[in-house]
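Beneath this line is the structure, given in structure tokens, with notes to follow.
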Number of protein chains: 2
Amino acid sequence: MSTWNGVPYVSQKVMDKRTRTAQRRRESLSRERIIEASIEILDSDGEVGLTFRALSDRLTTGPGAIYWHIDNKSELLTAACDAIIACTVDVPVVGMPPEAVIRALALSLFDTIDAHPWIGSALTRSPGQMPVVRILERIGQQIRALHVADEEEWPAVCALLNYIVGVGRQNAANAQFTRARDLDRSAFLGSVARTWSQLDRKDYPFTIDSADRLQLHDDRADFLAGINLFLRGLRLSA
Amino acid sequence: MSTWNGVPYVSQKVMDKRTRTAQRRRESLSRERIIEASIEILDSDGEVGLTFRALSDRLTTGPGAIYWHIDNKSELLTAACDAIIACTVDVPVVGMPPEAVIRALALSLFDTIDAHPWIGSALTRSPGQMPVVRILERIGQQIRALHVADEEEWPAVCALLNYIVGVGRQNAANAQFTRARDLDRSAFLGSVARTWSQLDRKDYPFTIDSADRLQLHDDRADFLAGINLFLRGLRLSA
DNA sequence: GTTAAATATGGAACATCATTCCAGAGATAT
DNA sequence: ATATCTCTGGAATGATGTTCCATATTTAAC
């Protein structure tokens with residue numbers, strides 16, 4: 001069963017058939033159910049927890065049955081990611097100025113990736129495909145509304161998109177790094193800060209001074225500050 | 001043999017002994033030689049090509065011998081990444097204004113990640129560790145030289161760092177995606193553009209209009225444009 | 001209503017990977 | 001000379017993504 005990302009992937013005919021044959025299993029296997037179960041596993045056990053064994057256990061089936069509905073693991077991750085991004089990107093827009101919408105959109109994405117760290121890597125894995133395109137489109141519409149110079153439009157959207165996804169991914173990596181070592185956030189930051197402060201001041205003056213700030217800093221606030229820097233730069237050019 | 005990233009990892013005593021026992025193998029195995037061979041494999045066959053089998057074949061030894069010098073694959077990737085970043089970050093600074101140094105630094109990193117796509121993911125994998133700290137320090141010093149408001153300094157450095165690494169990673173993912181499908185860059189962009197232009201204009205007006213620009217755009221120029229947006233925003237605040 | 005094809009299932013098998021184990025070789029220290 | 005440490009490399013382990021296939025169920029054709 002082949003599909004294009006994010007676009008309705010089952011024809012109406014197939015859908016009807018599947019509904020009628022629901023008795024084959026108590027709950028018939030379907031792409032939706034597989035993605036749903038994948039998201040549950042990803043949220044509870046992280047990216048490493050999603051194996052075809054764990055997945056077929058949860059769905060009480062074998063790996064072969066899953067492969068009937070899904071091409072491979074990469075596609076599964078992208079689809080799971082898209083299912084969540086599709087909701088995230090649906091942020092109220094009514095009558096807000098473009099810059100406010102961009103801020104809201106960015107924060108919404110930040111919070112979502114924070115809640116589902118595995119999304120970060122999934123987003124990078126599938127360039128030009130649905131989940132990223134959803135974000136691209138929303139940002140693009142708002143940048144257009146800002147009436148930036150024509151030749152600045154595309155680079156600006158690219159930069160924002162890359163920044164948002166980039167920070168999200170980094171946050172995800174931090175979370176994963178922390179989880180893998182059975183630490184919490186402050187313990188993780190503490191250990192990094194300790195390492196930094198032991199560096200040679202001659203070579204790493206800035207990093208050493210940053211060790212303290214690192215422990216106090218607020219990821220979300222820093223993220224927003226970066227967005228604001230972008231927006232300020234854009235305003236100056238317009 | 002345990003080590004802290006990037007800091008000299010063999011005591012002088014051990015080093016001496018190893019030099020003396022070079023006859024054990026024609027070329028004695030060492031952390032350096034392993035990292036060197038890893039970089040060669042990574043550059044020629046990409047991240048998926050670096051397996052312990054391929055590595056021990058190239059070094060004509062077994063996996064066990066490698067594990068005597070290296071803790072695990074993740075550490076190996078970080079070390080290989082650091083070996084390259086250490087050179088990359090060493091960009092001439094003499095008498096250039098801070099903004100110019102930042103631009104040079106950013107472009108140097110962009111080009112390096114472009115030449116060694118595997119660096120992109122390696123950078124994200126090890127938050128707070130050596131390769132990233134090298135970049136953090138260089139950017140931090142330049143932002144300091146810009147005399148930004150104190151509370152803006154850290155967020156600005158964070159944003160720049162995340163942007164640079166984020167774009168680098170995305171570029172790497174594109175390259176990997178392209179390579180995995182045996183395409184070249186323009187073929188890849190072409191297929192994405194084709195997909196985009198088949199979207200529903202009602203929902204994706206911006207993306208559809210971007211399909212053409214996508215094929216013509218220059219990654220490096222767009223990257224630099226993003227850097228400039230940042231710098232402009234910073235200038236406005238100072 | 002019977003039959004042939006299509007759809008769907010799940011368990012076994014396969015190839016590959018990172019990693020561990022271990023028997024032993026070479027060098028050093030006593 | 002003997003015991004200890006350093007280092008090697010091949011074999012074994014366990015887990016993974018993916019493929020294969022025998023089988024069951026449903027649909028389409030006659």
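All figures in this text were calculated on a predicted structure; none of them were measured in a lab. Below, chains carry the letters A, B, ... as their sequence lines are ordered, and counting in each starts from 1.
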Not counting sequence neighbours, list each pair that qualifies as a ring-ring contact (aromatic ring centres under 6.0 Å, His included) and has a residue in residues 165-185 of chain A. Phe177(A)-Phe188(A)

Does His69(B) place a side-chain N or O at less than 4.0 Å from the phosphate oxygens OP1/OP2 of dT8(D)? yes

Does anything in residues 177-190 of chain A pair up under side chain to side chain donor-acceptor pair (under 3.5 Å), and if so which pairs, sequence neighbours excluded? Arg185(A)-Asp219(A)

Would you say Trp68(A) reaches dA8(C)'s phosphate, i.e. side-chain N/O to OP1/OP2 under 4.0 Å? yes

N-O pairing of Glu36(B) and Arg31(B) below 4.0 Å: no

What's the CD-C1' distance between Glu75(A) and dT18(D), to the nearest Å? 14 Å

I'd like to compare against my own output: the B/S/- annotation of nucleotides 11-21 of chain C with a strict under-4.0 Å heavy-atom distance to protein. B-----BSBBB

Once the angle between the rings of His217(A) and Trp154(B) is folded into 0 to 90°, is it parallel (under 30°), tilted (30 to 60°) or perpendicular (over 60°)? perpendicular

Can you measure Leu76(A) atom CG to dT16(D) atom P for me and round it to whole angstrom units? 15 Å

Side chain to side chain contact (heavy atoms under 4.5 Å, CB included) with Asp203(B): which residues, sequence neighbours excluded? Asp200(B)

Using whole Å, report how far CD1 of Ile34(A) lies from P of dG17(D). 14 Å

Separation of atom CD1 in Ile70(A) from atom P in dT19(D), rounded to whole Å: 14 Å

Give the minimum heavy-atom separation between Asn174(A) and Pro127(B), together with the two atoms involved. OD1-CB, 2.8 Å

Taking the basic N atoms (NZ, or NE/NH1/NH2) and the acidic carboxylate oxygens, is any pair closer than 4.0 Å for Asp90(B) and Arg134(B)? no

Whole angstrom is fine here: how far is it from CG in Asp57(B) over to P in dG9(D)? 12 Å

The helix from dG1(C)-dC30(D) to dT30(C)-dA1(D): angle between end helix axes, five pairs per end, rounded to 10 degrees: 10°

Nearest-Å distance, CG (Leu29(B)) to C1' (dG10(D))? 15 Å

Is the Tyr163(A) to Tyr163(B) ring centre distance short of 6.0 Å? no

Test: side chain to side chain donor-acceptor pair (under 3.5 Å). Region: residues 112-124 of chain A. Which pairs qualify, not counting sequence neighbours? Asp43(A)-His116(A), Asp43(A)-Trp118(A), Glu47(A)-Ser121(A), Thr88(A)-Thr112(A)

